[in-house]
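Working notes for the structure below.
Throughout, numbering of the chain's residues begins at 1 and tracks the sequence. In listed order, ligands and their atoms are each counted from 1.
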Amino acid sequence: MSLAEAVKARAHDLGFDLVGITGAEPSAFAEEYRDWIAQGCAGEMEYLKRNLDRRLDPRELLPGAKSIIVVGMNYYADADEGPGTPDLPPDRAIFARYARGDDYHDVMIARLRLLLDFLKGEAEQGADGRVYVDAGPLLEREVARRAGLGWFGKNTMLINTRRGSYFFLGEIVTNVVLDHDAPAVGGCGTCTRCLDACPTGAITEPYRVDARRCLSYLTIELKGEIPEELRPALAASGNRVYGCDICQEVCPLNRTGSTARYPTLFLTEESALQPRDVTVNSKVADLLYLTEDEFREKFRHSPVKRAKRHGLLRNAATALCSQDDEEAIAALEYALNDPEPLVREQAAWSLDVISKRASKQSDVDGSKQHSENSAHDFN
Ligand code: B12
Ligand code: SF4
Ligand code: SF4
């Protein structure tokens, strides 16, 4: 067995579903990446704009870097029901699938370190490596494509023909020379479902997401207020209070049943990635009553803590602007006294939208009533 084969076998033993190896050569999409930044598509994600030379050339990450071991971990945990299906209660909060269990950074980094220990033990002396999951200055989708894990979809996701796109990526950049895999082959063909379905028009063209319009950015990364013109789309998206999966849900590569390219999606067996009750059974209105202590307790070791309590409650208050029931209104009124100004302001805005809608409706009802009465007068 070659060293590359041994590393791959160990990666599978450690629970990674996909593994491939590529070289540490510079990005072939440097121009596209620079243009994406220059057009402002990164919004307030300043870290994506820094050290571009390093991000675009993995050899800058480790002296003598020769290979990149890329792993994928499946996080799909839905069976037949769950968010995205028609029978979901309309008041249910929807958390993106990737964020329903424990924080994948912790889960994957610990395993990648074990994989690196294994590599160091098997390779010649002087073997070294660096571990990355999401946060590092590395173009993960590009190296994953090169290592054969999947291909670029028009929604920008890395898609594996058999497994869809519900998987995380992680890497070891190493100075060990390992056999490389061939890049993945595949593509979207004439399909445009994700572009058509994106509620905010964030997929401005195939293979480009303008983060400033993406609900994932707006509900997780953006620290301040959600721009007013995009709030109705969040509300209409079906209560996406943390992240968004719409462009993945509509993708035939991720579907089950009759509209699927393949009949089943693999369910993750990873215990750490199984959904927590709070991420699949919360009502949007209930989130507005979460105290800081409750937030910390429920989202300990969860990706959701990235948005902090005020970010999650801002999102929930935004989503409620499309609801008119007593529960929603009571929760928004309660949030008018929230300790966080961001939450108070969003609650006030949503209440205003609800009350304007109600008075418009009563005007319509009133004039209908009036014309019915007038009709009686004439009879
Ligand atoms: C910033 C970021 C975001 C931003 C911007 C997303 C984006 N599409 O650019 C926001 C906050 C919006 C976001 C959202 C999400 N993210 Co994110 N994100 C990242 C991060 C940190 C950097 C991505 C980046 O550099 N974007 C800039 C663009 C230009 O680069 P790119 O997307 O990698 O695209 C490459 C190719 O498309 C190619 N390219 C560029 N132009 C063109 C044009 C053509 C024609 C072609 C063929 C190729 C091409 O070049 C690019 C560079 O190599 C990566 C982790 C990492 N370090 O890479 C995770 C990552 C991409 N995110 C991930 C996830 C899971 C998500 C969400 C699904 C989370 C959610 N459910 O809410 C959504 C998906 C939204 C979407 N459709 O992309 C996973 C994706 C796994 C996968 N299977 O693809 C990653 C890899 C994290 C991880 N370690 O698992 N994310
Ligand atoms: S994650 Fe949602 S908002 Fe972002 S590009 Fe996909 S569908 Fe659009
Ligand atoms: S929905 Fe269609 S166009 Fe979009 S990524 Fe999937 S296959 Fe490609």
Side-chain angles (χ1 to χ4, degrees), residues 18 26-37 39 41-45 47-49 52 55-56 70-75 94-100 104-105 108-109 132-146 149-161 163-171 186-222 230 233-234 237-238 240 242-255 259 261 303 306:
L18 300 166
S27 168
F29 291 94
E31 211 177 298
E32 285 82 354
Y33 186 86
R34 285 184 193 280
D35 184 59
W36 187 78
I37 295 288
Q39 299 299 320
C41 297
E44 293 175 6
M45 295 182 288
Y47 70 100
L48 293 173
K49 306 169 196 170
L52 283 201
R55 186 173 286 272
L56 296 170
V70 189
V71 296
M73 187 177 269
N74 176 21
Y75 60 84
I94 303 193
F95 291 76
R97 286 175 174 76
Y98 91 91
R100 292 183 192 166
Y104 69 101
H105 300 89
M108 289 180 73
I109 285 173
Y132 296 98
V133 176
D134 183 50
L138 186 60
L139 297 170
E140 294 190 308
R141 285 165 167 163
E142 181 171 347
V143 293
R145 191 194 70 85
R146 253 176 22 216
L149 272 69
W151 37 272
F152 297 140
K154 289 179 190 170
N155 58 6
T156 76
M157 297 303 296
L158 194 85
I159 300 178
N160 180 286
T161 304
R163 288 183 172 268
S165 61
Y166 293 122
F167 58 89
F168 301 118
L169 296 173
E171 305 77 24
C188 298
T190 54
C191 177
T192 57
R193 286 190 205 187
C194 53
L195 286 113
D196 302 339
C198 174
T200 56
I203 311 175
T204 50
E205 59 187 277
Y207 313 104
R208 176 172 287 219
V209 166
D210 184 339
R212 292 168 298 183
R213 300 191 68 82
C214 176
L215 291 181
S216 181
Y217 170 80
L218 295 168
T219 58
I220 303 171
E221 303 296 331
L222 184 71
L230 294 171
L234 188 155
S237 71
R240 308 274 159 174
Y242 192 87
C244 172
D245 285 332
I246 293 174
C247 57
Q248 298 193 86
E249 285 164 0
V250 298
C251 180
L253 277 305
N254 280 334
R255 294 188 75 86
T259 54
R261 187 84 64 88
R306 182 168 177 82

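Across D210, V209, L215, heavy-atom proximity to atom 3 (S) of ligand 2 is greatest for L215. For atom 61 (C) of ligand 1, the candidate residues are R141, E249, R146; the nearest heavy-atom contact is made by R141. Counting heavy atoms only, F29 comes closest to atom 39 (N) of ligand 1 of the residues Y98, F29, F168. Scanning Y166, F167, Y242, Y132 for the heavy atom closest to atom 83 (N) of ligand 1 points to F167. In this comparison of W36, Y75, F152, Y104, the heavy atom closest to atom 47 (C) of ligand 1 sits on F152. Among E32, M157, R213, the residue whose heavy atom lies nearest to atom 64 (C) of ligand 1 is M157. Taking only non-hydrogen atoms, the option from V133, I246, V71, L169 nearest to atom 90 (O) of ligand 1 is L169.
For a distance bound of 2.8 Å, the N, O or S atoms of C251 include none lying that close to atom 8 (Fe) of ligand 3. Under 2.8 Å from atom 6 (Fe) of ligand 2 lies no N/O/S atom of C244, from backbone or side chain alike. Counting backbone and side-chain atoms alike, C194 contributes an N/O/S atom closer than 2.8 Å to atom 4 (Fe) of ligand 3.
Residue D134 has at least one nitrogen or oxygen atom sitting less than 3.5 Å from a nitrogen or oxygen atom of ligand 1, judged on distance alone. Checked by distance only, ligand 1 and E142 come closer than 3.5 Å through their nitrogen or oxygen atoms. Between C247 and ligand 1, not a single N/O pair is under 3.5 Å apart. Every N/O-N/O distance between M45 and ligand 1 stays at or above 3.5 Å. The shortest N or O to N or O distance between T156 and ligand 1 is under 3.5 Å. Below 3.5 Å of separation, one finds no N or O of L139 facing any N or O of ligand 1. Considering backbone and side-chain atoms together, S216 places an N or O closer than 3.5 Å to an N or O of ligand 1.
Within the structure, ligand 2 lacks N155 among the residues with a heavy atom less than 4.0 angstrom away. Taking 4.0 Å as the cut-off, W151 does not count as a neighbour of ligand 1 on heavy-atom distance. Not a single heavy atom of P206 sits less than 4.0 Å from an atom of ligand 1.
Given atom 45 (C) of ligand 1, the protein heavy atom at minimum distance is Y207 CD1, 3.5 Å. Summary of contacts: the protein heavy atom closest to atom 55 (C) of ligand 1 is E140 OE1, 3.1 Å.
Side-chain atoms of E140 come within 3.5 Å of backbone atoms of D134 as a donor-acceptor pair (strictly under, hydrogens ignored). At distances below 3.5 Å, not a single donor-acceptor pair connects side-chain atoms of T156 with backbone N or O atoms of R208. Here the side chain of N160 pairs a donor or acceptor atom with the backbone of L149 at under 3.5 angstrom.
Listed by atom number, the atoms of ligand 3 under 4.0 Å from C191 heavy atoms are 1 (S), 2 (Fe), 3 (S), 7 (S). Of all atoms in ligand 1, listed by their number and element, those nearer than 4.0 Å to a heavy atom of G136 are 57 (N). For ligand 1 and Q248, the ligand atoms under 4.0 Å from any heavy atom of the residue are 68 (C). Taking a cut-off of under 4.0 Å to the non-hydrogen atoms of A96, the atoms of ligand 1 that pass are 71 (N). Applying the 4.0 Å criterion to heavy atoms of N155 picks out, from ligand 1, the atoms 76 (C), 77 (N), 78 (O). Each of the atoms 5 (S) of ligand 3 lies under 4.0 Å from some heavy atom of I159. Remark: ligand 1 atoms within the under-4.0 Å shell around heavy atoms of G243 are 72 (O). Atoms of ligand 1 lying under 4.0 Å from any heavy atom of C244, numbered from 1 in the order shown and given with element: 70 (C), 71 (N), 72 (O). Of all the atoms in ligand 1, the ones that sit under 4.0 Å from a non-hydrogen atom of V209 are 8 (N), 77 (N). Each of the following atoms of ligand 1 lies closer than 4.0 Å to a heavy atom of L48: 1 (C).
Residue E205 qualifies as enclosed at atom CD: its count of foreign heavy atoms under 6.0 Å is above 12.
Geometrically, R141 does not engage F152 in a cation-pi contact defined by less than 6.0 Å to the ring centre and at most 45° from the axis.
When non-hydrogen atoms are compared, ligand 1 lies under 4.0 Å from the backbone of L138 (N, CA, C, O) but not from its side chain.
Ring orientation note: the planes of Y98 and Y242 are tilted relative to one another, at an angle of 30° to 60°.
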